[in-house]
Amino acid sequence: MPSLESLLLPAVLFFALGFIARVIKSDLRFPPDLAKVLSIYLLMAIGLHGGYELAKSDMVIALTSIIWALVLGFVLPIIGYLSLVATRKVNPMDAAAISAHYGSVSAGTFLTAIAYLDNIGVTYESYPMIMLAVMESPAIVVGLLLAAKARRSQSLSNVPSAGAVVPSTPVDNTSESGFGSLLRDAFTNGSVVILIGSMIIGAISTPSGMSKLFPFIDDIFMGVLCLFLFEMGMVAARRIGDFKKVGLVLAAFGIVMPLVGGVAGAFIGHSMLGFSVGGATLVAVLAASASYIAVPPAMRLAVPEANPSYYLTLSLGITFPFNVLIGIPLYHSLVKMMAAA
Amino acid sequence: MPSLESLLLPAVLFFALGFIARVIKSDLRFPPDLAKVLSIYLLMAIGLHGGYELAKSDMVIALTSIIWALVLGFVLPIIGYLSLVATRKVNPMDAAAISAHYGSVSAGTFLTAIAYLDNIGVTYESYPMIMLAVMESPAIVVGLLLAAKARRSQSLSNVPSAGAVVPSTPVDNTSESGFGSLLRDAFTNGSVVILIGSMIIGAISTPSGMSKLFPFIDDIFMGVLCLFLFEMGMVAARRIGDFKKVGLVLAAFGIVMPLVGGVAGAFIGHSMLGFSVGGATLVAVLAASASYIAVPPAMRLAVPEANPSYYLTLSLGITFPFNVLIGIPLYHSLVKMMAAA
Amino acid sequence: MPSLESLLLPAVLFFALGFIARVIKSDLRFPPDLAKVLSIYLLMAIGLHGGYELAKSDMVIALTSIIWALVLGFVLPIIGYLSLVATRKVNPMDAAAISAHYGSVSAGTFLTAIAYLDNIGVTYESYPMIMLAVMESPAIVVGLLLAAKARRSQSLSNVPSAGAVVPSTPVDNTSESGFGSLLRDAFTNGSVVILIGSMIIGAISTPSGMSKLFPFIDDIFMGVLCLFLFEMGMVAARRIGDFKKVGLVLAAFGIVMPLVGGVAGAFIGHSMLGFSVGGATLVAVLAASASYIAVPPAMRLAVPEANPSYYLTLSLGITFPFNVLIGIPLYHSLVKMMAAA
Amino acid sequence: MITLYPEKLLSIITISSMEDRLVSMFKKYGVSGFTILRARGEGSSGYEADISGFDSNILVTVIVSEKRMEPILESIERKLKKGYHLTTYISDVQVISPDKFN
Amino acid sequence: MITLYPEKLLSIITISSMEDRLVSMFKKYGVSGFTILRARGEGSSGYEADISGFDSNILVTVIVSEKRMEPILESIERKLKKGYHLTTYISDVQVISPDKFN
Amino acid sequence: MITLYPEKLLSIITISSMEDRLVSMFKKYGVSGFTILRARGEGSSGYEADISGFDSNILVTVIVSEKRMEPILESIERKLKKGYHLTTYISDVQVISPDKFN
Ligand SMILES: Nc1ncnc2c1ncn2[C@@H]1O[C@H](COP(=O)(O)O)[C@@H](O)[C@H]1O
Ligand SMILES: Nc1ncnc2c1ncn2[C@@H]1O[C@H](COP(=O)(O)O)[C@@H](O)[C@H]1O
Ligand SMILES: Nc1ncnc2c1ncn2[C@@H]1O[C@H](COP(=O)(O)O)[C@@H](O)[C@H]1O
Ligand code: NA
Ligand code: NA
Ligand code: NA
């Protein structure tokens, strides 16, 4: 059974350990900056690797991958938004903020999938790595557009309270109203800069320069991933504590939406892009995963009306553990079935 | 001479360097979170290794080791407490808090001993690793019991001051009086969770998963240990500055108590558990070492009447340097003599 | 062209990436302690290596290197000070503080030069490593002396304001006036302690102890250097933003002064010390580089009248990028020309 | 002109392992929130570095209405009597939205 | 005897991603400087850890003369109405060099 | 009803390398303790990040009785005249145990 094999991967076990540590109320805490350092390392390592491989790859497939990544990034949040609004359990602003997370991606989930495939000896293309970089941001833009639309329809109720503002003071639209600046933020996001920057460096560096880097980006990679997932397990357990606030319908969305994404991604990876089983599994994982690094702060700034508990609990507390523990082997089986068909 | 050999080990030299840096009043400071990160790594690495080895070991010996670890953890603090009370230099609350440290263990000392044995090519069993995990907590419980006993005998003087509390306010025994919660704290302690969790992961992971982790937990281990001991040298030097506050009798306790523990541990490791010279040396080191991570915060919470300067100076400023510089080669010689006899 | 080869080194590319990240206003931030941790590692690694090599080296050459390092450390700030005062663009206090930076060294630049030489397969002696350690501090002393001289000539204007101090209060010359304590600070500086301490440890450790350390100090070295330069690129870009405050003449000093130092260093390395092309290039880089770790805080304390914007912008914003991107290959070519002549 | 309302700001400096107890005490007495900052310092019990995992201080601040303050102070006083170190001070502040803190 | 002058100390607790906006608002209204501290805490929007890159609070403090305060408070109130979380309080302080803050 | 006693809270924002000097000054003037927090900020001398080892601010706070304050403020003023940057402010606080701070 693939699921058990996935569970016995050290990276997944450390995720579980972090989760359990919180459940048994251990006083274990990681220093506040450790997760950030680990994720800088992970993005740098995967970017350098990806860039190094991509330099030898087919640019036409690379471009096609980018286009499909954009399609996923734009379409998934819209599906999510419409489903959420249909449930009538959240208001449109919350729906916009939540669904933006599902159009973006989780590098932690992606890396766990890579560890999973490596462990069972399945190879994969390097194109999904560009898709990872490409998919970070577009969903933020879609989220903003959906929120703007929702805000317009609510605007009647907001006018009176805004009227309380003394009109003689200078209007400080420093950046709140600046859609352009939010757009720029989305694409100059720190994770995107590390990932794309490292990919370019991996692609253009001299081979002798790269060879000096490989021990750093290869040998300790799995250990760093384990530490990162250890901490993420603690974070997820803290977030899942808000499960009750979120309610059953929303919680179900946190499992159904990745399944929808996973099927879409598997189809695109396998049928549209013609990737191997490993590569298509990675595309499925990208589509299924929800962002918890880039999108939450963007939504806090751009959609302050939305309740952060909702999107953080869904993305970190439900979808992330689901994907790491169950989703990855599931999407892999699905792609294997597609390939066999 | 073994002692010199021990001193020329990089790990020990870095400890000395840290110590000297403080003595010459260098402005060298490590970032506040570095020691924590390094110790998370060290516990994880040693746990994974230990678990991996243990999975192949004899469960009867493992259980016997655990029982002897418990015996040491319970008996050593009682010996410590009785000796301290006999000196009449500290009050019973301080005696309870100090002696709890000596029933627990110092992972930093244990790892230095491993580096020492590795360096001179002496092999050892993996059972002492479980003993390390087992011995973290029981002494905390003994410390609490001793303090509760001491508090009861002092209670007459406390009643009046407690009477000053306005009786109509709700009694806030949130957790102070909760002996159960302190007990739970002792066993869900962060270090214990990392160590036992990593041992289990090391034992149940697939071999191919573990093989990806070995470069991380092996290759950089010694370097990380050096950095950790570098910082600990600075911490020890800062603590030994309080030497005068502590007084000569207490300072002597900080050297005699590890010798007592070392002899007891050597005897148990060699004669009771039948370990090799390396393994018995490690048991001696466990018994001789005093906790400076798990026990101090536990005592601060549970025995607030005790003066932290006493136990921190003894454990970090005296016993830790003594064991690293002199104790380890000494216990090793002792075990060799026992083995030769 | 050597310059391009240098630019395609991963370490240099990451420096550029950090720089660009700030220019495009990315929200990328490294945790505040990461740079410190990375530089502790880099100093430790280079010190251990250097000490290990030095133990096998010629002590006469080592001593001669130290003497030439002292000469550079004392003479370069004086040249800098006189040039700056001659420009009449800064007051003497600023001139003293700025020029102290140029007599000291930048370990980051030195390590980039090592990466550069390694990449193109050029070997070098280990003596420049001691020069790196030796040159950290003397320039601080020269800076203090120059500032004291400048302060004396300005003292007439200061007396009245000092007269406002109520004379009956105890004079608190805790350490401000203590030239001795500043001197001690200069030589017990954290970087110097790590570097010299690690060199000694590298020299006296047992070979078997050192062999356990090599994976740590070798394998991940280049990766850590890349991360460090990534952050330094961001810092440099932030500092170069103050370019306008500094003015064109001062900015030019930030490029001319390293060229002067580079020529002096190349001459000393090649002709006076008789080093190989690699070794002489490293001496040139030492002389050309400006401190940004040890000297700025020393100047803040000792020369509070000087404007930190000036020396930080020059050292971090102009000279450091100049050396990393252009200087290193330039000094290398220069030494090659000398060697060919 | 923005109207301001008076509230109290309670600050407590103590070792980081006291955090959980203080937080549950606050919750018991119904404060609306709290903020925690890492600190180091020196006092009657010697120097506390900010080495996480060894010893480290925290500065806990709570904005609270005067009427909720009394039981909190009493609880702090009880803890002080038990031997805990809690450097405590109160200051007057003004806030924009007083309902937030009640 | 050192003369002291009255000023206001404005403190704002919010999520770290608000930093850039607050800083540019301060600059717009001409404050002489500001100080930022890392914080974590709990309030109406739940617990904020101080995990950098995930969620983290900041405590922003500004010393400002009373006359400059009003437009800043109005700007904060506008942000609060938009849904941003800004726990804000003001206290009276005394300074040595009042020209520094004007 | 808990009795509260008035004290002064002195706060100083400066670069971290000033720490040792401030601490020895405090000790000289007999303060009972102090607390230090890491900070970053901007003022007349430009932006200070909190990159440890490069540049970083600290916020130093001392609770001190009014009578001990004067020589400390004079010492700060002397430092300001020498060119050091010390953003200093004082506020009124109330404490539970006044003997602790005397
Ligand atoms: N007078 C004071 N001013 C500011 N902080 C203090 C003062 N006294 C104590 N503290 C802080 O409170 C902590 C505990 O102090 P104590 O309870 O005196 O051991 C110290 O580590 C300091 O951080
Ligand atoms: N009563 C309070 N006292 C101190 N800090 C508070 C209080 N309420 C909220 N905060 C801080 O402000 C942040 C945001 O609070 P809120 O806007 O209520 O979600 C919290 O994370 C706390 O750090
Ligand atoms: N008006 C202000 N409000 C709050 N903090 C300030 C203010 N002015 C200066 N600071 C802080 O004091 C530090 C030094 O300021 P300065 O002495 O003006 O260069 C700055 O980096 C800020 O952290
Ligand atoms: Na997705
Ligand atoms: Na022990
Ligand atoms: Na130089």
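Throughout, a chain's letter reflects where its sequence line sits, starting with A, and its residues are numbered from 1.
- Using a 4.5 Å heavy-atom cutoff, the side chains of C:V12 and C:V324 are in contact.
- Taking 4.5 Å as the limit, every side-chain heavy atom of C:F320 sits out of range of all side-chain heavy atoms of C:I240.
- If you measure heavy-atom distances from C:D118 to chain A, the contacts under 4.5 Å come from both the backbone and the side chain.
- Heavy atoms closer than 4.5 Å to chain C are found in the side chain of A:I220, but not in its backbone.
- Taking both residues in full, the closest heavy atoms of A:V192 and A:A133 are given as CG2-O, 4.4 Å, listed atom of the first, atom of the second, then distance.
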Going by atom type alone, with no hydrogens or angles, which donor-acceptor pairs under 3.5 Å involve a side-chain atom of residues 279-290 of chain C and a protein atom two or more places apart or on another chain?
| from | atom 1 | to | atom 2 | distance (Å) |
| --- | --- | --- | --- | --- |
| C:T281 | OG1 | C:V277 | O | 2.7 |
| C:S289 | OG | C:S106 | N | 2.9 |
| C:S289 | OG | C:V285 | O | 3.4 |
| C:S289 | OG | C:L286 | O | 3.2 |

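- Using a 4.5 Å cut-off between heavy atoms, A:S191 makes no contact with chain C at all.
- Within residues 40-53 of chain A, the residues that have a heavy atom under 4.5 Å from a heavy atom of chain C are A:I40, A:M44, A:L48, listed by number.
- Under the 4.5 Å side-chain criterion, counting only non-hydrogen atoms from C-beta, C:S126 is in contact with C:S57.
- The aromatic rings of A:F230 and A:F30 lie perpendicular to each other, with more than 60° between the two planes, well past the 30° mark.
- For the residue pair A:E136 / A:S291, no side-chain donor-acceptor distance below 3.5 Å is found, with atom types taken as modelled.
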